[in-house]
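When reading the values below, keep in mind they use all heavy atoms of this one structure, side chains included, and skip hydrogens, waters and symmetry mates. Numbers restart at 1 for each chain; the letters A, B, ... are given by sequence-line order, proteins then strands. Because the structure is a prediction, the values reported are computed rather than measured.
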Protein chains: 2
Amino acid sequence: MNIGEVAIVSGLPAKTIRYYEDIGLVKPLRDTNGYRAFRTRDAHKLTFLGRARALGFSIEDCRKLLALWADDTRASADVKALAKDHLRAIDDKIADLQDMRQTLDHLVRECAGDHRPDCPILQSMARQTDMNSKASG
Amino acid sequence: MNIGEVAIVSGLPAKTIRYYEDIGLVKPLRDTNGYRAFRTRDAHKLTFLGRARALGFSIEDCRKLLALWADDTRASADVKALAKDHLRAIDDKIADLQDMRQTLDHLVRECAGDHRPDCPILQSMARQTDMNSKASG
DNA sequence: GATAGGGCTTCCCCTTACTGGAAGGTCAAG
DNA sequence: CTTGACCTTCCAGTAAGGGGAAGCCCTATC
C-alpha cells in the first residue's frame with residue numbers, strides 16, 4: 001500500500017502518517033522507487049493510533065499503548081492505569097473549562113450588549129486588587 | 001517599575017511579560033541602563049491580560065479586548081460578541097472532552113485491570129472496520 | 001517520444017503561548 | 001573588588017502536525 005491508500009484506510013492525513021514515521025511510531029518498508037510500502041499491520045497500527053488520538057491520548061501515551069498492544073504478555077492493569085490517568089487529566093481539563101465557562105457566562109449575562117461603553121466584562125478584567133493599587137508608578 | 005516588580009504585581013512571569021512586549025501588547029519605556037520601565041498603566045494592562053488569558057481568551061482576542069478597553073467610545077455589544085464567541089468555543093471544547101470522557105470511562109469500567117492480557121481498551125482501539133479488513137497487504 | 005496529471009519524496013517554515021537556558025551587562029552591599 | 005541578584009538579548013524547544021516548494025515517479029494519451 002502506498003501512503004495515499006493507507007491514508008484512506010486509516011483515516012489519517014498522509015502528512016500525519018509521515019510525521020508518525022518520523023517519530024518512530026510506524027516503520028513502513030520502502031519500494032525500490034523510494035515510496036513507502038505499508039503492510040496490513042502498519043495500516044492497523046495507524047488505525048489504532050487514530051483511535052487513541054481521538055480519545056485524547058498524547059503521542060507518548062500512544063507509544064506506550066502500542067507497546068502494550070504488541071506485547072502478548074501485557075497485564076490489562078497497565079493499560080487500565082494509563083487510561084485512568086488520562087481520564088483524570090480529561091476531568092481536570094473539563095473542570096477548568098467549566099470554571100471559565102461559568103465566570104464568562106455570568107459576565108456575558110451581566111453585559112447589556114448595547115451601544116453604550118459600560119461593560120461589566122471589561123470592568124471585571126480591569127479590576128485592580130489592593131496589591132495593585134498600592135503600587136504607584 | 002522594573003520587570004520583576006511588575007511581574008509580582010501582575011502575577012505574570014517576567015518571561016511572559018517580555019513576550020507580550022515582543023508581540024506588541026505592552027510598550028514599556030526604557031531606563032538609560034536598558035531596563036524596561038513599566039508605568040502603572042502598563043501594570044494594569046498586564047493584570048488585564050492575565051485575567052483575560054485566565055478566562056481562556058486567545059492572545060489575538062486579548063489584543064482586541066485591550067483595544068476595546070482603551071476605547072471610551074466602544075459599544076459593550078462588541079465586547080459581548082467577542083465573549084459570546086469565546087463561550088461557544090469553550091462549550092465546544094467541553095462537549096468534545098465529555099465525549100472522550102464517556103467513551104474512555106466506559107472502556108475503563110469494562111477492563112478487568114488484572115494480570116491477564118485481555119483488555120477491552122486495546123481491543124476497542126484495535127478493532128478494524130469492514131473497510132479496513134477489505135484492504136489486503 | 002513528448003507531455004500532462006497525479007502521486008510520491010524531502011525539506012523547511014509556521015502555528016500557540018510561552019519556557020528554559022546561555023552569555024553577558026548592571027546595581028547594591030560588604 | 002567581589003558576590004549575587006537583577007536585568008538584557010538571543011536561540012532553541014515544546015505538541016502535533018499543516019502548508020507549500022522543488023523535484024522525482026508513474027501512467028495515460030497523443
Side-chain angles (χ1 to χ4, degrees), chain A residues 1-38 42-43 45-46 48-66 85-86 89-90 92-93 96-97 100 137, chain B residues 1-38 42-43 45-46 48-66 86 89-90 92-93 96-97 100:
Chain A
M1 260 187 286
N2 282 348
I3 198 165
E5 191 181 347
V6 82
I8 290 169
V9 169
S10 68
L12 295 173
K15 275 279 193 185
T16 298
I17 296 171
R18 288 194 196 100
Y19 173 65
Y20 286 174
E21 185 190 11
D22 269 2
I23 62 175
L25 288 182
V26 275
K27 302 186 203 308
L29 305 176
R30 293 286 175 149
D31 285 338
T32 50
N33 60 11
Y35 285 20
R36 291 170 181 82
F38 295 85
D42 295 321
K45 217 167 179 179
L46 288 166
F48 182 99
L49 284 167
R51 299 251 172 77
R53 294 283 303 129
L55 286 174
F57 284 101
S58 72
I59 291 286
E60 287 317 307
D61 278 352
C62 288
R63 202 185 293 277
K64 295 174 195 161
L65 288 169
L66 276 180
D85 280 356
H86 181 45
I90 290 175
D92 288 352
K93 271 190 200 167
D96 285 354
L97 285 169
M100 279 183 199
Chain B
M1 264 187 285
N2 281 349
I3 198 167
E5 191 181 348
V6 82
I8 291 169
V9 169
S10 68
L12 296 173
K15 275 279 194 187
T16 299
I17 296 170
R18 288 194 196 98
Y19 172 67
Y20 286 175
E21 185 190 9
D22 269 2
I23 62 175
L25 288 182
V26 274
K27 303 187 201 309
L29 305 177
R30 293 287 176 150
D31 285 340
T32 50
N33 60 12
Y35 286 20
R36 289 170 181 81
F38 295 85
D42 295 322
K45 219 167 177 178
L46 288 167
F48 181 99
L49 284 167
R51 300 251 171 77
R53 294 285 301 129
L55 286 174
F57 285 101
S58 72
I59 291 286
E60 287 317 305
D61 278 352
C62 286
R63 202 186 292 277
K64 294 175 195 160
L65 288 170
L66 276 180
H86 181 46
I90 290 175
D92 289 351
K93 272 190 199 166
D96 285 353
L97 286 170
M100 279 184 199

task: Have a look at A/Val26 and tell me which of A/Arg18, A/Arg36, A/Lys45 forms a side-chain contact (heavy atoms from CB on, under 4.5 Å) with it.
output: A/Lys45
- prompt: When you measure from the side chain of A/His86 to the backbone N and O of A/Asp61, does any donor-acceptor pair fall under 3.5 Å?
  reply: no
field: Donor-acceptor contact below 3.5 Å, side chain B/Asn33 vs main chain B/Tyr35
entry: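 It does hold such a pair.
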query: Reckon A/Ile23 touches a base, only the sugar-phosphate, or nothing at all at heavy-atom distances under 4.0 Å?
result: nothing
Take the protein atom [atom1] of [X] and the nucleotide atom [atom2] of [N], then report the distance between them rounded to whole Å.
{"X": "A/Asp22", "N": "D/dA15", "atom1": "CG", "atom2": "P", "value": "15 Å"}
{"X": "B/Arg36", "N": "C/dG25", "atom1": "CZ", "atom2": "P", "value": "17 Å"}
{"X": "B/Asp31", "N": "C/dG25", "atom1": "CG", "atom2": "C1'", "value": "14 Å"}
{"X": "A/Glu21", "N": "D/dA16", "atom1": "CD", "atom2": "P", "value": "18 Å"}
{"X": "A/Leu46", "N": "D/dG17", "atom1": "CG", "atom2": "P", "value": "12 Å"}
{"X": "B/Asn2", "N": "C/dG25", "atom1": "CG", "atom2": "C1'", "value": "14 Å"}
{"X": "A/Ile3", "N": "C/dG6", "atom1": "CD1", "atom2": "P", "value": "19 Å"}
{"X": "A/Asn33", "N": "C/dT10", "atom1": "CG", "atom2": "P", "value": "11 Å"}

- prompt: Where is the tightest heavy-atom contact between B/Ala52 and B/Leu65, given as atom of each residue plus distance?
  reply: CB-CD1, 4.3 Å
message: So B/Asp31 and B/Asn2, do their side chains get closer than 4.5 Å, heavy atoms only?
response: yes
message: Is the shortest side-chain heavy-atom distance between A/Val9 and A/Phe38 below 4.5 Å?
response: no
query: With respect to the phosphate group of D/dT9, does any side-chain polar atom (N or O) of B/Arg18 fall under 4.0 Å of OP1 or OP2?
result: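 For D/dT9, neither OP1 nor OP2 has a side-chain N or O of B/Arg18 closer than 4.0 Å.
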message: Each nucleotide in nucleotides 17-23 of chain C should get exactly one letter: B, S or -. Can you fill that in based on protein heavy atoms under 4.0 Å?
response: BBSBB--
- prompt: Between A/Arg63 and A/Glu60, does at least one N-O distance fall below 4.0 Å, as a salt bridge requires?
  reply: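 Salt bridge flag = yes for A/Glu60 with A/Arg63.
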- request: Choose from C/dC8, C/dG25, D/dT9 the nucleotide whose nearest atom is closest to any side-chain atom of B/Tyr35.
  value: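 Among the listed nucleotides, the one closest to the side chain of B/Tyr35 is C/dG25.
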